[in-house]
Each structure stands twice: as structure tokens, then as C-alpha cells.
Enquirer: 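Dropping the structure in here first, questions after.
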Protein chains: 2
Amino acid sequence: MISFDNFKLRDGIPVYLQILEHIKQGIVAGEIVNNDELPSRRVLSALLGLNPNTVQKAYRILEDEGLIESHAGAKSYMRLDGEKLRRVRDELIERVTLDAAEAFKRMGLTKAEAAALLERYWSEVEEEK
Amino acid sequence: MISFDNFKLRDGIPVYLQILEHIKQGIVAGEIVNNDELPSRRVLSALLGLNPNTVQKAYRILEDEGLIESHAGAKSYMRLDGEKLRRVRDELIERVTLDAAEAFKRMGLTKAEAAALLERYWSEVEEEK
DNA sequence: AAAACCGTATTAGTGATATAATACAGTTAA
DNA sequence: TTAACTGTATTATATCACTAATACGGTTTT
């Protein structure tokens with residue numbers, strides 16, 4: 001069962017996108033693997049204090065991207081082969097890295113300064129339990 | 001006059017926040033300094049293809065934060081002293097760095113891997129003209 | 001078979017983002 | 001002084017994200 005223990009809502013970003021991001025990060029991290037079971041729309045929405053429709057929107061997009069399989073009445077499962085894993089990993093890493101690099105550059109920092117900042121702040125990220 | 005030449009709209013993020021971000025990044029980069037003149041609401045909205053009210057919303061927030069000064073009928077100017085410069089710089093750097101570090105960590109990367117990625121992608125960021 | 005789940009769908013309402021069209025009064029430059 | 005700007009404000013409309021309350025039928029478990 002896919003875990004949402006370390007999931008914290010951030011404001012300013014649509015919730016359904018945060019759910020998408022959380023699952024894709026889990027895939028890249030290797031925590032989520034093929035055939036893993038997803039929490040039901042009702043269970044996850046109750047757990048996160050959301051409306052089932054918000055979770056459904058995220059799940060629907062994942063299904064459209066071919067990452068999960070859903071059938072009326074049955075539970076939903078991850079459907080990941082090598083090609084999809086590679087695609088998710090490459091897209092996520094590229095987006096996160098380019099966004100950060102772009103922001104650092106716009107602030108006038110050098111490559112070395114940006115890398116040093118990232119390493120300095122690394123341990124300040126809230127630890128996951 | 002503050003420049004918006006390298007400003008490109010990204011979707012998924014409220015436009016007024018992107019304007020705020022652009023100006024704050026310019027401040028940190030040292031491109032925007034005290035007493036600099038801001039483009040008028042009408043001029044900037046026309047330049048960016050937006051509604052004047054959208055620009056007004058961003059400028060209003062900057063004024064609330066004490067970074068610009070506006071008076072009916074007159075142009076708007078940056079109002080930056082050492083304390084404000086420090087505040088903007090610290091807040092922006094901390095937010096950008098922590099967001100990136102958090103995303104990298106969630107993907108299961110190590111500090112060294114993340115720093116290496118950032119350096120590898122550095123030159124791939126679209127160059128500003 | 002029946003109960004307890006499940007995915008899916010629909011309709012309605014709220015708040016935020018953004019557009020559009022004006023209007024008014026203060027400042028500045030010709 | 002007058003024309004052209006400026007900031008500021010108001011009202012209306014559209015879209016999106018999200019909530020809320022249901023409903024229907026399929027699957028699974030007991």
C-alpha cells in the first residue's frame with residue numbers, strides 16, 4: 001500500500017498536483033513499485049482532510065498517463081514498466097533541477113554558489129519520520 | 001527603469017506571483033536598486049499582454065511589503081534600504097533552496113547527487129539575451 | 001446472498017485568479 | 001493651461017480548484 005505518511009500540504013499549489021508530485025517522487029525514490037496498491041479515493045481523502053473528488057482528479061490524471069489502473073468496484077494499482085519508470089524519473093528530475101537552476105541564475109548566483117547553497121541547506125530540510 | 005525583457009510567463013502559477021518573483025529576483029541579483037522607477041500598471045500590462053488589474057495586484061503587495069512607493073498620479077519607485085535588501089535576499093534564497101532540497105530528498109537522492117545534477121543542468125538553462 | 005467496500009458520475013456552491021470596461025482625481029510635461 | 005500620463009477604485013464576467021452531497025453499479029469478503 002502506497003504511503004502518505006510524510007505528505008504535508010503546501011498552500012499556493014493545487015492539491016491534486018501535490019498528490020501527483022508525491023506519487024511520482026515516490027516512484028523515483030523506489031518506494032513505489034509495480035503492482036503496488038493505492039489507497040481508495042475515500043480513504044485517502046479522509047486521511048488528508050480533502051474531498052474525494054480532489055483525489056479522484058489526481059488519480060484520473062495518473063491513469064491517463066498510464067501509471068495506474070482502475071476499474072469500477074475494484075482497487076487501483078500501480079502499473080509501471082521500465083519505460084514508464086524512466087519517463088517519470090527523467091521528467092521529474094529535469095523539471096526540479098531546471099526550475100532550481102533557473103531561479104538561482106535569475107538571482108545572479110554562480111554555479112558553484114548555487115551548489116554550495118544546496119549542500120548547506122540540505123540538512124535543514126525537515127526530516128521525515 | 002526596471003526591465004521585464006527576460007520575463008516569460010509560466011503556466012500553473014498565478015501571474016501576479018510571477019511578477020512579484022521577477023522583481024524580487026532582480027533585487028537579489030542587484031539589477032534593481034533603490035529609487036529605480038517601475039513601469040506603470042498600464043504600460044507593463046500591455047507589454048506582458050495582461051490586464052492592468054493583475055499588475056496592480058502585484059504592485060499592491062510590493063507596496064504592502066514596503067518595497068515600493070506609490071502615489072495617485074505619480075510614478076512608482078523602489079524603496080530599498082539595507083534591511084529590506086537583506087530580508088528579500090534571505091527569504092528568496094531560503095525558499096528556492098529549501099524547495100529544491102526537499103524535492104531532491106523526496107526522490108531519494110543524496111546531497112552529492114543533487115549538487116551534481118544542479119551543476120550538470122546549469123548550462124542547459126535558457127540563456128538570457 | 002448480503003454487507004462493505006470500490007470506482008465513477010453528476011450537480012451545486014464557494015473562493016481565487018484573471019479579464020474587461022470604465023471612471024475619477026492627482027501629477028507631469030508640452 | 002491643457003493634454004497625457006499616473007495610481008486607484010468599481011462592477012461584471014469567466015474559469016479553475018475545491019468542497020459538498022448524492023447516486024449508481026461493480027467487486028470483494030464474510
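These values consider heavy atoms only, across backbone and side chains, with no hydrogens, waters or symmetry-generated copies. Since we're looking at a predicted model, the values are computed, not measured. Throughout, protein chains are lettered first and strands after them, A, B, ... in sequence-line order, and every chain is numbered starting at 1.
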Enquirer: Can you check the A/R41 CZ to D/dG26 C1' distance for me, whole Å?
Expert: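 Between C1' of D/dG26 and CZ of A/R41: 14 Å.
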Enquirer: Nearest nucleotide by nearest heavy atom, which residue falls closer to the 5' end of DNA chain D, B/S40 or B/N53?
Expert: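 First, find each residue's nearest nucleotide; the 5'-ward one identifies B/S40.
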Enquirer: Can you tell me which nucleotide in D/dG7, C/dT17, C/dT19 comes closest to the side chain of B/L50?
Expert: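 Closest nucleotide to the B/L50 side chain: C/dT19.
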Enquirer: Of the nucleotides D/dA17, C/dA9, C/dA18, which one has an atom closest to the side chain of A/R60?
Expert: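 So the nucleotide nearest the side chain must be C/dA9.
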Enquirer: Provide, to the nearest angstrom, the distance between the CG atom belonging to A/L9 and the P atom belonging to D/dA17.
Expert: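 It works out to 16 Å between those atoms.
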Enquirer: Return whichever of B/R42 or B/T54 has its heavy-atom-nearest nucleotide of DNA chain C closer to the 5' end.
Expert: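 This one resolves to B/T54.
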Enquirer: Which part of the nucleic acid, if any, lies within reach of A/E63 when heavy atoms closer than 4.0 Å are counted: base, sugar-phosphate only, or nothing?
Expert: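 Touches sugar-phosphate only.
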Enquirer: Output yes when B/R95 and B/E21 qualify as a salt bridge under the 4.0 Å nitrogen-oxygen rule, no when they do not.
Expert: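 Yes, this pair counts.
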Enquirer: Rounded to whole angstroms, how far apart are CG on A/N51 and C1' on C/dT10?
Expert: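 Those two atoms, CG and C1', are 13 Å apart.
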Enquirer: Without decimals, in angstroms, what is the distance between B/M1 CE and D/dC5 C1'?
Expert: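 Between C1' of D/dC5 and CE of B/M1: 12 Å.
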Enquirer: Given side chains that start at C-beta, do those of A/E102 and A/M107 come closer than 4.5 Å, heavy atoms only?
Expert: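 They are not in contact (no side-chain heavy atoms under 4.5 Å apart), so the answer is no.
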Enquirer: A/K75 NZ to C/dA4 P: how many Å, rounded?
Expert: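 Distance check: A/K75 NZ to C/dA4 P gives 16 Å.
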Enquirer: Take atom NZ in A/K75; do more than 12 heavy atoms of anything else shown fall under 6.0 Å from it?
Expert: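 Check fails, neighbour count at 12 or below.
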Enquirer: Which atom pair, heavy atoms only, marks the closest approach of B/P39 to B/V43?
Expert: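 Looking at all heavy atoms of both residues, the shortest contact is CB-CG1, 4.5 Å.
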Enquirer: Under 4.0 angstrom, heavy atoms only, what part of the nucleic acid is B/V43 near: base, sugar-phosphate, or nothing?
Expert: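 B/V43: backbone/sugar contact only, no base atoms under 4.0 Å.
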Enquirer: Distance check needed: D/dT28 P versus A/H71 NE2, whole Å only.
Expert: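 After rounding, the gap between these two atoms is 10 Å.
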Enquirer: A/Y16 side chain N/O closer than 4.0 Å to the phosphate oxygens (OP1, OP2) of D/dA17?
Expert: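 So the side-chain polar atoms of A/Y16 do come within 4.0 Å of the phosphate oxygens OP1 or OP2 of D/dA17, strictly under.
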Enquirer: Is A/K57 near enough to D/dA17 that one of its side-chain N or O atoms lies under 4.0 angstrom from OP1 or OP2?
Expert: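 Result: yes.
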Enquirer: Output the single nucleotide from C/dA18, D/dA17, C/dG7 whose closest atom is nearest the side chain of A/S76.
Expert: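 Of the options given, the side chain of A/S76 lies nearest C/dG7.
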Enquirer: Starting at CD1 of B/I13 and ending at C1' of C/dT17, how long is that distance when rounded to a whole Å?
Expert: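 It is 14 Å, rounded to the nearest whole Å.
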Enquirer: Round to the nearest Å and state the distance from A/Q56 atom CD to C/dC6 atom C1'.
Expert: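 In whole Å, C/dC6 C1' lies 12 Å from A/Q56 CD.
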Enquirer: Determine whether A/R120 and B/T97 satisfy the following criterion, side chain to side chain donor-acceptor pair (under 3.5 Å), listing intermediate values before the conclusion.
Expert: CA-CA 9 Å; A/R120 166 142 44 92; B/T97 314; over 6 Å; no
